[in-house]
Number of protein chains: 2
Amino acid sequence: MNAKEILKSHILKTAQLTDEQFDYLFSHFKPLSFKKGQAIISEGDKVENEYFVVSGCLKAFFINDEIKMYILQFAMPTWWTSDYGALYNHTRATISVDCISDAEVLCLSNDDREKLCREIHQVEHFFRWRTNRGYLASQKRLLSFMNNDTKARYEELLALYPQLYNLVPKHLIAAYLGVSRETLSRLYNAQK
Amino acid sequence: MNAKEILKSHILKTAQLTDEQFDYLFSHFKPLSFKKGQAIISEGDKVENEYFVVSGCLKAFFINDEIKMYILQFAMPTWWTSDYGALYNHTRATISVDCISDAEVLCLSNDDREKLCREIHQVEHFFRWRTNRGYLASQKRLLSFMNNDTKARYEELLALYPQLYNLVPKHLIAAYLGVSRETLSRLYNAQK
DNA sequence: GCGCTTAGGTGATCTACATCACATTCTGCA
DNA sequence: TGCAGAATGTGATGTAGATCACCTAAGCGC
């Protein structure tokens, strides 16, 4: 499947769009390719766009005190990512996005999203649904943070994304779980 | 201001609705009154509705192992609350909602929300925007959990909701911050 | 191939916070 | 008005995970 087909099948799961409507929608997306390690959004940038992942894997992360990195999201194919706080509030990026592997994405500007939402009711429906999913996932992760210890969160993560274990270096998994790489290392070496 | 006016001014900040459209929308809300301590959603319930707070204060919480309570949200006037996971997925409640003080709410069923979103584009727009706010708040709280220690989170909470300090018993604030009540007590008695 | 950088493992030590135990208010209500 | 139960304070002790220090192995540019 090419990028257009992937996006189409993703959106049609939730919204009813005619072929003409989808083509019109799609004409607002810009396909982009990135290499492993390339930055898409860096702290301090103006944020104008959000990104739909077609292939590869991105991470959205926050760096505190110039030292510690926390990963908010691994963005796999059919996931959307950006610094949504900066995007909606027209502020500078505090969250960065870069590529864990080579990646293809479809880029949509905030202005175009809002325009499309105004023009096509079903597009607004789609984006409501999508945000809703994100909200529920975020709330679930928050609860998991409060309720579970590191080991339980680690197992939860691997159950949710089995691919991640091989795809992603372990120190990034630690940064997602919010623990030090040493603790993570001890954790899964102990349980053998 | 009465309940209808409060909801109207809340919604009109984001969506353009004619008076007729708003009246039609409002006709789907059921006003309800609760006493301090009353439960609105209990674990295991079927969840059919979400709630818009007109006055008073609710809490949405999760109880683990029948022992520890974690508060996901204090719902103050003009906030919405429910077990959204259960509401959208038609599963039983894992999150409970009850009243910290006497409260008036407006109750909207999931079916009616979806119907209204289909019928009136601007209503769908409003709910997209609302969910978006919730998503950003949840993500911010997640980052705060990973990045800050208890003391910083406590001060952040009081900066965000100054009323809370007097309105809400301290052990509930501890349950929101995800620390034991003892730790919280030591924390703000030490800093004098 | 050589060296440099990055990833990852492991021990020793430190610390924030949980947990347990008990004392002390406060508060609603019979 | 008096008392049961909730809310809160505070000491003693235990522990998960951070931090520091150092080591090995793997990837990559030249």
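Below, chains carry the letters A, B, ... as their sequence lines are ordered, and counting in each starts from 1.
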task = Whole angstrom is fine here: how far is it from CG in A/N147 over to C1' in C/dA18?
result = 14 Å

remark   = Against the side chain of A/N189, the closest entry in D/dT8, C/dT10, C/dG8 is C/dT10

request  = Would you please confirm or rule out a distance under 4.0 Å between OP1 or OP2 of D/dT8 and any side-chain N or O of B/Y188?
outcome  = no

task = Sequence neighbours left out, what passes salt bridge (Lys or Arg N to Asp or Glu O under 4.0 Å) with A/K35? Give chain and number order.
result = A/D102

key: A/W129 and B/Y88 aromatic centres sub-6.0 Å   = no

Under 3.5 Å, which donor-acceptor pairs link side chains of residues 110-119 of chain A to any protein atom two or more places apart or in another chain?
residue, atom, partner, partner atom, Å
A/N110, OD1, A/R113, NH1, 3.2
A/N110, OD1, A/R113, NH2, 2.6
A/D112, OD2, A/S109, OG, 3.4
A/R113, NE, A/E50, OE2, 2.3
A/R113, NH2, A/E50, OE2, 3.3
A/E114, OE1, B/R128, NH2, 2.9
A/E114, OE2, B/R128, NH1, 3.1
A/E114, OE2, B/R128, NH2, 3.3
A/K115, NZ, A/Y24, OH, 3.3
A/K115, NZ, A/H28, NE2, 2.9
A/E119, OE1, A/Y24, OH, 2.7
A/E119, OE2, A/Y24, OH, 3.4

key: Distance below 4.0 Å between B/S180 side-chain N/O and C/dA18 OP1 or OP2   = yes

ask   = Within the structure, does a side-chain N or O atom of B/H171 lie under 4.0 Å from either OP1 or OP2 of D/dT8?
value = yes

ask   = Taking protein heavy atoms under 4.0 Å as touching, what does nucleotides 20-30 of chain C look like 5' to 3' if B marks base contact, S marks sugar-phosphate-only contact and - marks none?
value = BB---------

task = For this output row, return yes or no: ring centroids of A/F52 and A/F29 closer than 6.0 angstrom.
result = no

ask   = Of B/K68 and A/L184, whose closest DNA chain C nucleotide lies nearer the 5' terminus?
value = A/L184

query = Quantified as the angle between the terminal helix axes (five pairs each), what is the overall bend of the helix from C/dG1-D/dC30 to C/dA30-D/dT1 to 10 degrees?
reply = 50°

key: 4.5 Å side-chain heavy-atom contact, A/K59 and A/Q73   = no

inquiry  = Going by the rule salt bridge (Lys or Arg N to Asp or Glu O under 4.0 Å), which residues pair with B/D149 if we only count those two or more places apart in sequence or in a different chain?
reply    = none

message = Within the 4.0 Å heavy-atom criterion, would you say A/G178 contacts the bases, only the backbone, or no part of the nucleic acid?
response = sugar-phosphate

request  = Round to a whole Å and report the spacing from CD1 of B/I173 to P of D/dA7.
outcome  = 13 Å

inquiry  = Tell me the interatomic distance from B/K151, atom NZ, to C/dT15, atom P, rounded to whole angstroms.
reply    = 17 Å

ask   = Is the shortest heavy-atom distance from the side chain of A/F62 to the side chain of B/N147 under 4.5 Å?
value = yes

Enumerate, atom names and distances included, each donor-acceptor pair closer than 3.5 Å involving a side-chain atom of residues 156-170 of chain A, sequence neighbours excluded.
residue, atom, partner, partner atom, Å
A/E156, OE1, A/S144, OG, 2.6

task = Determine, using ring centers only, whether A/Y188 and A/Y154 are less than 6.0 Å apart.
result = yes

query = If only side-chain N and O atoms of A/S185 are considered, is one of them under 4.0 Å from the OP1 or OP2 phosphate oxygen of C/dG8?
reply = no

ask   = OP1 or OP2 of C/dC17 less than 4.0 angstrom from a side-chain nitrogen or oxygen of B/T150, does that happen here?
value = yes

